[in-house]
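Structure first, then comments.
Whatever order the structure lists ligands and atoms in, that order sets their numbers, starting from 1.
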Amino acid sequence: MGINRGEVGRANRLIEESDSVVVLSHQNPDGDAFGSVLGLGLMLRGAGLNVKASWPDPVELPLKYEFLPGKELLISPADLRPQGLVIAVDCANAGRLGELEDAVLKVDNIINIDHHPDNSLFGTVNLVDAAASATTEILYEEADDLGLELDRDIAVCLYTGLVTDTGRFQFSNTSAETFRIASELVEMGAEPNRLYEEIFQGDTLSYMRLTGEMVSRAVFEPETGLVHVFMPQEELRRFGVEMNETEDLIDSLRTLRGHRIAALFKEQDDGRIRVSLRSRADTDIGTVARSLGGGGHRVAAGYTSEKGSFEEALQELKGEIVAP
Ligand code: 5GP
Ligand code: MN
């Protein structure tokens with residue numbers, strides 16, 4: 001699914017005709033969401049638009065993303081009155097906009113820029129390319145045709161999306177194109193080692209201890225290849241870690257030899273269980289997440305279980321996993 005050139009032209013005209021724009025991304029945002037919102041926000045500001053940026057609460061950057069430029073564009077969803085033009089980035093469907101969904105669906109023009117294979121094309125203009133490793137890859141490729149310019153700060157934002165969504169250029173979505181773009185972003189001033197230190201050496205001691213606790217309780221089932229663990233709210237409180245710091249926690253399960261699927265069950269503050277799924281390249285976990293009401297990529301996906309307990313949610317997941 002490549003990007004339709006006519007849609008790019010329409011997006012370009014909408015941006016040219018607008019004085020202001022709201023840039024949004026999905027709930028439980030990750031590095032690609034942060035990098036896309038702030039990178040695109042800065043590009044649009046540079047083009048002379050009044051820019052506001054947000055995502056479903058809490059609109060805070062986790063500590064390790066605080067270095068990102070463009071934070072001054074961020075505004076709480078409660079203070080946002082989207083009208084005119086909204087651009088959604090890294091957001092597979094309008095439901096992922098959480099409390100912002102209703103207001104967004106009422107605006108005249110929505111540009112939907114994303115790389116999820118299950119994108120619902122909810123925009124009035126859709127720039128969707130499932131072959132892109134990150135949404136920031138699309139932003140880099142299309143900036144010129146959208147009439148937008150890059151600078152060093154924007155390169156830092158776009159590189160952040162690339163390096164996080166590709167697992168530091170090692171996941172199966174990493175292509176020669178990804179490296180080419182990364183190389184050009186480095187030439188523009190993104191510094192790989194500095195960003196590595198910020199993002200991947202930015203854990204607090206509380207977070208590291210929570211990781212240790214999680215790994216120590218992980219269960220591996222060699223017959224299905226599933227490694228799973230439940231993380232109750234109480235544990236987050238005990239370790240003093242915020243939920244929005246736990247986006248990468250699942251990565252600590254993925255180094256296990258012989259596993260096929262990693263599942264992290266996180267109890268939300270409303271008691272529901274959010275399930276993060278990751279798989280090795282030969283196992284499609286996106287289909288599993290979709291059949292349970294969520295979505296995502298082939299090897300990184302998620303959903304919120306309607307079951308009341310971890311045990312039931314685990315059984316529900318196992319019922320959808322096809323044996324190897
Ligand atoms: P994570 O485990 O990091 O929350 O999510 C992994 C991937 O699955 C991300 O690409 C995210 O956008 C997608 N994803 C997670 N939860 C949902 C969900 O409830 N619905 C959809 N459509 N995608 C999800
Ligand atoms: Mn992404």
Side-chain angles (χ1 to χ4, degrees), residues 24-40 55-56 62 65 88-98 101 112-122 127-141 157-169 171-174 178 181 214 227-229 231 243-254 261-268 270 272-279 284-307 313 316-317 320:
L24 300 175
S25 194
H26 61 82
Q27 54 201 5
N28 309 117
D30 53 13
D32 190 28
F34 300 133
S36 295
V37 165
L38 297 178
L40 178 61
W55 52 78
Y65 290 107
V89 287
D90 200 43
C91 189
N93 58 64
R96 301 275 291 150
L97 294 167
E101 175 182 8
N112 161 25
I113 307 179
D114 184 39
H115 71 134
H116 288 89
D118 52 350
N119 188 287
S120 68
L121 306 181
F122 62 96
L127 311 188
V128 176
D129 183 2
S133 64
T135 297
T136 62
E137 184 172 314
I138 303 176
L139 293 174
Y140 179 86
E141 293 280 36
C157 293
L158 300 189
Y159 184 94
T160 296
L162 271 194
V163 75
T164 54
D165 255 23
T166 60
R168 308 181 217 176
F169 307 108
F171 293 161
S172 54
N173 57 356
T174 310
T178 315
I181 294 172
M214 180 202 72
V227 56
H228 62 78
V229 65
M231 206 184 61
M243 184 60 92
N244 72 358
E245 294 175 64
T246 65
E247 270 308 301
D248 302 329
L249 199 55
I250 191 169
D251 288 339
S252 299
L253 298 177
R254 303 178 76 184
I261 298 170
L264 175 57
F265 296 75
K266 300 183 205 174
E267 184 188 15
Q268 305 289 110
D270 64 2
R272 297 202 301 163
I273 299 174
R274 259 196 66 74
V275 187
S276 282
L277 298 173
R278 302 290 185 271
S279 65
D284 176 9
I285 210 71
T287 310
V288 172
R290 270 188 289 288
S291 64
L292 294 170
H297 307 277
R298 191 179 157 82
V299 296
Y303 64 96
T304 300
S305 176
E306 299 302 328
K307 300 292 179 191
E316 172 189 51
L317 172 63
E320 292 296 329

- request: State the CG-NE2 distance between L317 and H228, to the nearest 0.5 angstrom.
  value: 8.5 Å
Check [X] against [Y] and note the closest heavy-atom contact, atom names and distance.
X	Y	result
F171	T164	CE1-O, 4.4 Å
V37	S25	CG2-CB, 3.4 Å
A33	D90	N-OD2, 3.7 Å
I285	A300	CG2-N, 3.9 Å
T135	D32	N-OD2, 2.8 Å

By number and element, which atoms of ligand 1 are closer than 4.0 Å to a non-hydrogen atom of [X]?
X	result
G296	8 (O), 13 (C), 23 (N)
H297	10 (O)
G294	18 (C), 19 (O), 20 (N), 21 (C), 22 (N)
E247	1 (P), 3 (O), 4 (O)

task: Report yes if the side chains of E320 and L292 come closer than 4.5 Å at any heavy-atom pair, otherwise no.
output: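 Answer yes - side chains close enough.
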query: Of the listed options (R278, H116, Q27), which comes nearest to atom 10 (O) of ligand 1 when hydrogens are ignored and any heavy atom counts?
result: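 Among R278, H116, Q27, the closest heavy atom to atom 10 (O) of ligand 1 belongs to H116.
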- request: Pick whichever of A92, A300, G293 has a heavy atom sitting closest to atom 7 (C) of ligand 1.
  value: A300
Could you find the nearest protein heavy atom to [atom] and give me its residue, atom name and distance?
atom	answer
atom 8 (O) of ligand 1	A301 CA, 3.1 Å
atom 22 (N) of ligand 1	N93 ND2, 3.4 Å
atom 2 (O) of ligand 1	S276 OG, 2.6 Å

- prompt: Judged by modelled atom types alone, do H115 and D165 share a side-chain donor-acceptor pair under 3.5 Å?
  reply: yes
Check: [X] N/O within less than 3.5 Å of ligand 1 N/O:
X	result
T304	no
R96	yes
G295	yes

Contact check, R274 vs ligand 1, heavy-atom distance below 4.0 Å: yes
task: Give a rough value, rounded to 10 degrees, for the angle at the Mn ion (ligand 2) between atoms NE2 of H115 and OD2 of D165.
output: 90°
Proximal heteroatom of D90 relative to the Mn ion (ligand 2) (N/O/S):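 In D90, the N, O or S atom with the shortest distance to the Mn ion (ligand 2) is OD1.
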message: Using a strict threshold of under 4.0 Å (side-chain N to carboxylate O), is an ion pair present between E101 and R96?
response: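 Salt bridge flag = no for E101 with R96.
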